> 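After the structure tokens below, expect a handful of questions from me.
What you see is a predicted model; the values in this text were computed from it and never measured.
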Amino acid sequence: MGCQAEMISVIVPVYNVESYLERCIDSIINQTYQNLEIILVDDGSTDKSGEICDIYAQRDIRVKSIHKKNGGAATARNKGLKIAKGAYIGFVDSDDYIDPDMYESLLKYLDKEIDIVTCGRYLVYPPNTCGLKRKILCADKVTKYSKVQAIEELIKTEIFAYGVNEKLYRKELFNEIKFPCGRVSEDLPLTYALFNKCRNVVNIGEPKYYNFQRADSSTRSSFRFRRIDYVIFLRDILIDVKKKYPIYQEIAEAKYICGVAYLLRNIQECKDKQQYVDLERRLLMCLRNMKIRVLFNKYLNQEEKRIIIDLMKINS
């Protein structure tokens, strides 16, 4: 299975990560599968990240260092996709790192009927916090999923995640599919579109990707209005699931409801919550309008339902 002669293009969006970047690039360069094109896209870094990219490009002919004005991870990944020459595409975030055999392990399952192969992920916490790592997104063993089965598991987000990084894709999947620019949580619509387009997906049942949970990550920063994109994308996925996969509507609805509740809690906990009074009102109205569906959705556990019902009581 798999074609060992084919090139893999690994795209790394880079922005102000000088403390983590060498670890990331080294983990890619030292892969047991060596036929790689490593595309480092410096997204207007103001630290030494761009210089580090250039140094690696001088050391290794497989490395390309691209510099662009700051526009966000989506624009950097799209830039990488535009120039990628590999038959397969992988993504690694510049503060993360991967096992030495990750791409070899993924590639061997990419046969003529498989379009996406994914591994599990470790969440890695800094030494100054708990310093531990936690395994997630792993099947019990190597498992092949049809498109419909893969869509179900993607919506559940137990075996597959909407993140792009622990996966290997057939390049043709990206024809006419790109990351939405100027948005946050841009992985959601792209990954859903790719799963919608693929034929079969394999989860290899082993974690190979290390997702570093740094405290200054953009996903952990204080609340911003742009986070509404997360809920909007979940809503759009729910609408599409209703049309194409109605058997999974209740699962998608549960994820959408949890997304609304998550955003509402973020607003409640932020220091400048007065800036988001109107957004809070709209999110509350959304939850209250779905109260009956919340109570009877079997994919929401009792604790989730309790939290959501409590949120509905705000300002009532």
> Any link between Val148 and Tyr162 through a network of hydrophobic side chains (Ile, Leu, Val, Met, Phe, Trp, Tyr) touching at under 4.5 Å?
yes

> Which heavy atom of Ala73 sits nearest to which heavy atom of Asp43, and what is that distance?
N-OD2, 4.3 Å

> Does some side-chain heavy atom of Leu21 sit less than 4.5 Å from a side-chain heavy atom of Ile25?
yes

> Mind checking whether Pro207 and Cys119 have side chains closer than 4.5 Å, heavy atoms only?
no

> Hey, is Arg281 close enough to Asp278 for a salt bridge, meaning N to O under 4.0 Å?
yes

> Taking it one step at a time, do Asp101 and Gln31 satisfy side chain to side chain contact (heavy atoms under 4.5 Å, CB included)?
CA-CA 6 Å; Asp101 65 343; Gln31 287 290 294; 5.8 Å; no

> Assess, by modelled atom type and distance only, whether the side chains of Ser49 and Glu18 contain a donor and an acceptor separated by less than 3.5 Å.
no

> Please examine the side chains of Leu194 and Ile177, heavy atoms only from C-beta on, and report whether any two atoms are closer than 4.5 Å.
yes

> Regarding Glu152 and Lys156, does a basic nitrogen lie under 4.0 Å from an acidic carboxylate oxygen?
yes

> Shared ILVMFWY cluster between Val260 and Ile309, side chains joined below 4.5 angstrom?
yes

> Where is the tightest heavy-atom contact between Ala139 and Asn203, given as atom of each residue plus distance?
N-OD1, 3.3 Å

> What's the shortest heavy-atom distance between Cys24 and Val12, and which atoms?
SG-CG1, 4.2 Å

> With a 4.0 Å cut-off, would you call Glu253 and Arg293 a salt bridge?
yes

> Is the terminal nitrogen or CZ of Arg59 (NZ for Lys, CZ for Arg) located under 6.0 angstrom from the six-membered ring centre of Tyr56 and within 45° of that ring's axis?
yes

> With a 4.0 Å cut-off on N to O distance, would you call Lys313 and Asp310 a salt bridge?
yes

> As an exercise, state the distance from NZ of Lys208 to CD of Glu104, rounded to the nearest 0.5 Å.
9.0 Å

> Is it the case that Tyr192 and Asp240 place a side-chain donor and acceptor less than 3.5 Å from each other?
yes

> Examine distances only and state if a side-chain atom of Asn297 and a backbone atom of Glu250 form a donor-acceptor pair shorter than 3.5 Å.
yes

> Quick check against the 3.5 Å criterion: does Ser9 have a side-chain atom that pairs as donor or acceptor with the backbone of Ala84?
no

> Starting from the C-alpha separation in whole Å, work towards a yes-or-no answer on side chain to side chain contact (heavy atoms under 4.5 Å, CB included) for Val117 and Val201.
CA-CA 6 Å; Val117 181; Val201 182; over 6 Å; no

> Would Arg306 and Glu303 pass as an ion pair if we require N to O under 4.0 Å?
yes

> Where do Lys255 and Cys258 land on the side chain to side chain contact (heavy atoms under 4.5 Å, CB included) test, with the steps shown first?
CA-CA 5 Å; Lys255 294 298 180 181; Cys258 285; 5.6 Å; no

> Rounded to the nearest 0.5 Å, what's the gap from CG on Asp115 to NZ on Lys167? Could you check?
14.5 Å

> Give me the atom names and distance for the closest heavy-atom approach of Gln149 to Lys144.
OE1-O, 4.1 Å

> How would you list, by chain and number, every residue that makes a salt bridge (Lys or Arg N to Asp or Glu O under 4.0 Å) with Asp42, sequence neighbours excluded?
none

> Taking Glu37 first and then Arg62, would you say they form a salt bridge - that is, a charged N and a carboxylate O separated by under 4.0 Å?
no

> Nearest 0.5 Å, what's the SG-CG distance between Cys181 and Asn78?
4.5 Å

> Judged by atom type as modelled, is there a donor-acceptor pair below 3.5 Å linking the side chain of Glu51 to the main-chain atoms of Lys48?
no

> Which heavy atom of Ser105 sits nearest to which heavy atom of Lys108, and what is that distance?
O-CG, 3.4 Å

> Considering non-hydrogen atoms only, spot the tightest contact between Ala76 and Ile11 and give its length.
O-CG2, 4.5 Å

> Can you name the side-chain hydrogen bond (donor to acceptor under 3.5 Å, both in side chains) partners of Asp236, sequence neighbours left out?
none

> Does some side-chain heavy atom of Ile89 sit less than 4.5 Å from a side-chain heavy atom of Leu81?
yes

> Looking only at side-chain N and O atoms, does Gln275 offer a donor or acceptor that is under 3.5 Å from a partner on Asp272?
yes

> Establish whether Tyr88 and Ile204 are linked, either directly or via other cluster members, by ILVMFWY side-chain heavy-atom contacts under 4.5 Å.
yes

> Does the side chain of Ile237 reach to within under 4.5 Å of the side chain of Ile239, using non-hydrogen atoms?
no

> Between the side chains of Tyr245 and Asn196, is a donor N or O closer than 3.5 angstrom to an acceptor N or O?
yes

> How long is the span from the CD atom in Gln34 to the CG atom in Asp60, to the nearest 0.5 Å?
8.0 Å

> Are Tyr33 and Tyr103 near enough that their ring centres are under 6.0 Å apart?
no

> For the side chain of Arg170 and the backbone of Ala87, is there at least one donor-acceptor N/O pair under 3.5 Å apart?
no

> Pair Lys305, Leu295 - check side chain to side chain contact (heavy atoms under 4.5 Å, CB included), show working.
CA-CA 7 Å; Lys305 290 180 180 181; Leu295 293 174; 5.5 Å; no

> Checking side-chain polar atoms at under 3.5 Å, does Thr75 have a donor or acceptor matched by the opposite partner on Lys68?
yes

> Are a donor atom and an acceptor atom from the side chains of Asp54 and Ser65 found within less than 3.5 Å of each other?
yes

> To the nearest 0.5 angstrom, please state how far the CZ atom of Arg199 sits from the NZ atom of Lys112.
9.5 Å

> May I ask you to decide if Asp47's main-chain N or O and Asn16's side chain share a donor-acceptor pair within less than 3.5 Å?
yes

> Take the angle between the ring planes of Phe91 and Tyr169 and call it parallel below 30°, perpendicular above 60°, tilted in between.
perpendicular

> Centre of Phe179's six-membered ring, under 6.0 Å away, within 45 degrees of the axis: is that where NZ or CZ of Arg77 sits?
yes

> Can you tell if the side chain of Leu137 reaches within under 4.5 Å of the side chain of Ile159, non-hydrogen atoms only?
no

> Starting from Leu311, can I reach Tyr230 by hopping between I/L/V/M/F/W/Y residues whose side chains sit under 4.5 Å apart?
yes

> Can Leu36 be reached from Leu110 by stepping across I, L, V, M, F, W or Y side chains whose heavy atoms are under 4.5 Å apart?
yes

> Just wondering, more than 12 heavy atoms not from Arg183 lying within 6.0 Å of its CZ?
yes

> Under 4.5 Å between any side-chain heavy atoms of Asn211 and Asn165, yes or no?
no

> Look at atom CG of Asn30 and say whether more than 12 heavy atoms of other residues, nucleotides or ligands are closer to it than 6.0 Å.
yes

> Quick check: do Pro13 and Asp93 have side-chain heavy atoms less than 4.5 Å from each other?
yes

> Lys242 side chain to Gln249 main-chain N or O, any donor-acceptor pair under 3.5 Å?
no

> Please report the interatomic distance CG(Leu107) to CG(Leu168), rounded to the nearest 0.5 Å.
6.0 Å

> Should Arg121 and Glu166 count as an ion pair when the cut-off is N to O under 4.0 Å?
yes

> Side chains of Tyr209 and Asp96: is there a donor and an acceptor less than 3.5 Å apart?
yes

> Under the salt bridge (Lys or Arg N to Asp or Glu O under 4.0 Å) test, which residues partner Glu176, sequence neighbours left out?
none

